[in-house]
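Please read the structure below before turning to the comments.
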Amino acid sequence: MVMSLVGCTDSEPVQSSGLNGQPVSTTAATTPDPGENAATDEKAKNISSADYTPDGNAGKVKYLGYYDLMGDQKTSQPYLIFNSEQYGGEIEYENCPSGGEYFTALATKIAADESPDIVLYEWLSFPGGMSKGMYEPLDDYFDLDTALWKDLKTTVDDYAYKGKHYYYPHKIRCNFALNYNRRTFEEANLKDPYELYMEGNWTWDTWRDLMIEFCNLDDENIGYVRAADVIAAFVSTTGVNFVDVLPDGTASNNLGDSSVTRAMTFIEDCYRYGLMHQRQLGDWVSPEIWAVNSDRCLFIGIEPEWCYQAATERIQNPKGVENDVFDTVSDFAFVPFPRDPDADKYYHAYDTYGFMVPKGAKNIKGAVDWIYCNRVYETDENVIAQRREDHIHPEVVTYVDGKFAGERKWQITWDEQVYDMLLELTDPTKFEFNFDDCYGFTSELSNTVIGNMLNGVAFNGESWTQLSNTNSPIVDSIISELK
């Protein structure tokens with residue numbers, strides 16, 4: 001049974017380690033000193049109960065994951081609220097490895113009738129995990145026509161598998177953007193991409209032209225730092241993805257689509273112009289590595305919130321509290337991938353964040369309360385306003401335990417324009433969202449096949465037409481196994 005459940009995940013799950021094993025989203029930002037994870041005096045915020053009134057009896061909810069929700073920036077406040085009298089909940093955390101071992105651990109618990117109550121949505125959850133029966137359908141617990149969920153109705157339906165809804169994400173997030181250092185643009189006398197975006201002139205062509213101009217200034221300059229999976233987000237600006245899962249549970253292979261070919265031919269040209277990273281900074285460039293090399297690396301394609309925080313932290317919090325830089329806005333920023341000038345809309349690859357209930361969970365009611373708690377928090381107008389204020393003017397938080405007790409904890413101070421850009425990247429009135437379902441099958445498909453194709457074109461100068469002709473039958477074989 002375990003093997004049948006994890007048959008679709010023979011290695012790394014792509015949300016915790018993207019195409020070719022590169023991490024694209026995941027955990028709370030790591031800190032230079034374990035002592036900086038000690039308890040602080042942060043208090044739970046009050047959230048509205050107008051759209052959902054909990055009964056205060058959520059109980060103990062077992063969570064299996066590879067990081068603690070209490071220490072994660074995305075869930076620390078809902079965690080505190082869930083543990084208050086309002087919800088009466090408690091999260092029992094069981095740690096497990098990420099990657100293929102995560103799905104193996106989950107499948108083992110399901111088979112042994114020891115299922116946790118909640119797990120994070122992973123890219124391999126849809127359609128892979130759903131097709132293997134790893135999750136409970138939740139249609140009986142949520143109403144997409146209510147005020148709380150109506151804005152996410154289309155998104156939730158996008159994750160439906162054979163007519164059932166297993167995943168109700170509580171937020172849209174941007175996992176794919178172009179990050180840059182504003183000072184680098186200023187010193188190179190280049191126009192800020194944000195200005196081009198606001199003018200409606202942020203297109204494939206203006207992106208390429210900026211990189212060419214920058215690389216012409218110095219032979220050591222790099223236009224785009226490698227991250228193969230994010231090249232897939234560039235292709236998504238055409239409105240067409242490599243693979244799409246259809247409502248009936250089948251999937252389509254779009255490697256030979258003319259829009260996909262046009263996008264990858266554009267990337268071929270970028271390689272020929274000498275704009276793409278050639279491992280000058282190593283195989284994998286983290287936000288921290290890029291932060292100290294951003295004077296010579298114009299763009300890095302990676303999750304913007306993670307990159308902005310990690311790059312800023314690398315500069316402002318290098319060795320612990322004694323060297324912290326407080327209340328200072330960094331020079332880092334980000335914009336969406338540029339608009340395809342031939343597309344009918346501004347398509348933008350998006351992602352979601354949320355939790356799922358594993359098959360055989362014992363406290364489904366508590367798990368549903370937890371999902372509601374996160375959704376209420378995400379949509380509460382007072383919380384939204386306060387969260388913006390907390391990012392731009394963070395309140396002082398002090399350690400109450402550990403070796404730094406009494407000292408101020410470093411917190412990032414967001415640039416107001418940058419924070420508003422983060423919100424805009426998840427605004428369905430600004431973009432037509434889409435997500436490439438190639439991530440949700442197997443690591444063979446995402447890493448070995450499509451990941452290697454993207455690497456081959458973007459960083460090794462190979463031909464997309466030749467690669468797609470060779471690999472298309474392999475893609476057909478993998479997606480045809482969807483049950």
Side-chain angles (χ1 to χ4, degrees), residues 25-48 63 65 67-87 89-91 93 95 170-171 173 287-288 291 303-332 353 370 373-374 376-423:
S25 77
T26 56
T27 70
T30 54
T31 51
D33 191 309
E36 295 182 39
N37 289 321
T40 69
D41 56 359
E42 184 178 13
K43 300 295 190 299
K45 292 180 172 62
N46 294 319
I47 58 174
S48 169
Y63 158 61
Y67 67 89
D68 191 347
L69 299 176
M70 183 178 181
D72 180 31
Q73 186 182 31
K74 295 183 291 295
T75 53
S76 60
Q77 267 298 317
Y79 186 100
L80 293 172
I81 295 166
F82 189 70
N83 279 266
S84 69
E85 291 184 4
Q86 186 178 9
Y87 279 81
E90 176 187 352
I91 303 290
Y93 169 43
N95 179 260
H170 61 262
K171 69 180 293 185
R173 61 188 302 207
E288 293 86 353
E303 181 187 2
E305 185 175 11
W306 171 37
C307 187
Y308 185 75
Q309 166 124 357
T312 301
E313 185 171 9
R314 172 63 180 84
I315 302 301
Q316 296 184 3
N317 181 29
K319 296 182 180 178
V321 298
E322 65 274 10
N323 294 315
D324 287 349
V325 176
F326 292 106
D327 307 318
T328 301
V329 171
S330 73
D331 293 312
F332 303 118
Y353 186 77
W370 168 248
C373 178
N374 281 274
V376 172
Y377 178 81
E378 191 63 29
T379 57
D380 187 289
E381 292 184 0
N382 292 327
V383 170
I384 292 171
Q386 185 60 53
R387 187 165 53 199
R388 184 179 187 278
E389 180 66 16
D390 290 344
H391 278 76
I392 299 169
H393 303 108
E395 292 184 6
V396 174
V397 175
T398 304
Y399 291 104
V400 297
D401 195 11
K403 67 179 183 179
F404 297 134
E407 298 282 353
R408 181 179 177 183
K409 178 181 175 62
W410 180 84
Q411 293 174 284
I412 186 173
T413 299
W414 279 70
D415 177 84
E416 185 172 2
Q417 174 184 295
V418 175
Y419 183 75
D420 288 342
M421 184 77 255
L422 181 67
L423 299 183

Practice item. Look at Glu378 together with Arg387 and state whether they make a salt bridge at an N to O cut-off of under 4.0 Å. Key: yes

Practice item. List in chain and number order the residues that pass ring pair (Phe, Tyr, Trp, His ring centres under 6.0 Å) with Tyr79, two or more places apart in sequence or in another chain; answer none if no residue qualifies. Key: none

Point to revise | Criterion side chain to side chain donor-acceptor pair (under 3.5 Å) on Asp390 and Gln386, from CA distance to verdict | key: CA-CA 6 Å; Asp390 290 344; Gln386 185 60 53; 2.7 Å; yes

Practice item. Is it possible for you to check whether Arg408 lies under 6.0 Å from the centre of the six-membered ring of Tyr399, through NZ or CZ, and within 45° of that ring's axis? Key: no

Revision key, fill the gap. By side chain to side chain donor-acceptor pair (under 3.5 Å), Gln417 pairs with (sequence neighbours left out) none

Review point. For Glu305, which residues count as a salt bridge (charged side-chain N to carboxylate O under 4.0 Å, His left out) partner, sequence neighbours excluded?
Key: none

Review point. At their closest point, which heavy atom of Pro78 faces which heavy atom of Trp370, and how far apart are they?
Key: O-CZ3, 3.6 Å

Check your understanding: Of all heavy-atom pairs between Ser76 and Met70, which one has the smallest distance, and what is that distance?
Key -> CB-O, 3.5 Å

**Study point:** ring pair (Phe, Tyr, Trp, His ring centres under 6.0 Å) partners of Tyr419, counting only residues at least two apart
**Key:** His391, Trp414

Point to revise | Partner set under salt bridge (charged side-chain N to carboxylate O under 4.0 Å, His left out) for Glu416, not counting sequence neighbours | key: Arg388

Point to revise | Steps toward side-chain contact (heavy atoms from CB on, under 4.5 Å) verdict (Glu313, Ile412) | key: CA-CA 7 Å; Glu313 185 171 9; Ile412 186 173; over 6 Å; no

Practice item. Could you tell me which residues satisfy side chain to side chain donor-acceptor pair (under 3.5 Å) with Asp331, sequence neighbours excluded, listed by chain and number? Key: Arg183

Check your understanding: For the residue pair Tyr63 and Tyr93, does the interplanar ring angle fall in the parallel (under 30°), tilted (30 to 60°) or perpendicular (over 60°) class?
Key -> parallel

Study note, to complete from the structure: Note: Cys373 and Tyr87 closest approach over all heavy atoms is CA-OH, 3.4 Å

